[in-house]
Amino acid sequence: MGNQRAGAQSRNTRKTVLGVLLIQTIVMLVLSAALLLLKGNVVAYSALLGGLIYIIPNLYIALRTLPHRAGSTAGMVLAQLYVGQIWKMALSVAGFAATFIWVKPLSPFPIFGTFILLQLLGMALLMKSTKQFLKL
């Protein structure tokens, strides 16, 4: 009974986090489309890249750490979260490095602006949906 309840909570958390990531993806696409119309293609794809640098690592950690596995102990779950956070940071650093090395021309402000906007939006949506702070 306890495992079923813990599994239900895990599924609800996963559903909430994936819903927030979906909203963030929609905001990123709408923002990039608006920037394409208002500022041109360099600013638009720079914002899109900044959004993807945020979305992809967060989607990775959500899919890796949130599914409930029967028999998982708290220590195992915590270890998965730490490993997931390390991979999330590594993916973000690799995304920024690849963008700044391979994408020319580039506008840095939309990259960092979109990344920060999605970070703040995610925190606000998670706090609003769960009435508590949940950081992945």
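Treat the numbers as computed from the prediction; the structure is a model and nothing was measured.
Taking OG1 of Thr16 as the start and NZ of Lys128 as the end, the distance is 13.5 Å to the nearest 0.5 Å. Interatomic distance, Asn58 CG to Ile53 CD1, rounded to the nearest 0.5 Å: 12.0 Å. Between Ile111 atom CD1 and Ile116 atom CD1 the span is 11.5 Å, to the nearest 0.5 Å. Once rounded to the nearest 0.5 Å, the distance linking OG1 of Thr114 with CG of Leu48 reads 8.5 Å. We find the CG-CD1 distance between Leu91 and Ile86 to be 12.0 Å, quoted to the nearest 0.5 Å. The CG atom of Leu29 sits 6.5 Å away from the OG1 atom of Thr25 when rounded to the nearest 0.5 Å.
Contact detail for Ser46 and Pro110: the closest heavy-atom pair is CB-CB, 4.0 Å. Closest approach of Pro108 to Phe100, counting heavy atoms only: CB-CE2, 4.4 Å. Closest approach of Val42 and Pro105 over heavy atoms only: CG2-CG, 3.8 Å. Between Thr65 and Gly84 the shortest heavy-atom distance is CG2-CA, 4.3 Å.
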Could you please spell out the steps behind the side-chain contact (heavy atoms from CB on, under 4.5 Å) verdict for Met123 and Leu120?
CA-CA 5 Å; Met123 286 190 284; Leu120 295 174; 3.7 Å; yes
Give the C-alpha distance, both sets of side-chain angles, the deciding distance and a yes or no for side-chain contact (heavy atoms from CB on, under 4.5 Å) between Arg14 and Leu63.
CA-CA 8 Å; Arg14 179 185 169 113; Leu63 294 176; 3.5 Å; yes
One pair to check against side-chain contact (heavy atoms from CB on, under 4.5 Å): Trp87 and Tyr82. What are the steps and the verdict?
CA-CA 9 Å; Trp87 275 107; Tyr82 282 131; over 6 Å; no
List the steps, then state whether side-chain contact (heavy atoms from CB on, under 4.5 Å) holds for Val43 with Phe109.
CA-CA 8 Å; Val43 173; Phe109 180 73; over 6 Å; no
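Both Ile23 and Ile56 belong to a common hydrophobic cluster when Ile, Leu, Val, Met, Phe, Trp and Tyr are linked at side-chain heavy-atom distances under 4.5 angstrom. Follow the hydrophobic side-chain contacts under 4.5 Å out from Leu36 and you never reach Leu49; the two are in separate clusters. At a threshold of 4.5 Å between side-chain heavy atoms, the hydrophobic network of Ile, Leu, Val, Met, Phe, Trp and Tyr places Leu18 and Val27 in one connected group. Cluster membership check: Leu125 shares its hydrophobic cluster with Leu118, using side-chain heavy-atom separations under 4.5 Å among Ile, Leu, Val, Met, Phe, Trp and Tyr. The hydrophobic cluster containing Val103 also contains Ile55, counting ILVMFWY residues as joined when their side-chain heavy atoms lie under 4.5 angstrom apart, directly or transitively.
A donor and an acceptor atom, one from each side chain of Gln24 and Tyr54, are located under 3.5 Å apart.
Counting non-hydrogen atoms of other residues, nucleotides and ligands closer than 6.0 Å to OH of Tyr60 gives a total above 12.
In this structure, the side chain of Ser129 engages the main chain of Leu126 through a donor-acceptor pair within 3.5 Å.
Here the side chains of Val83 and Arg64 are in contact, with some heavy-atom distance below 4.5 Å.
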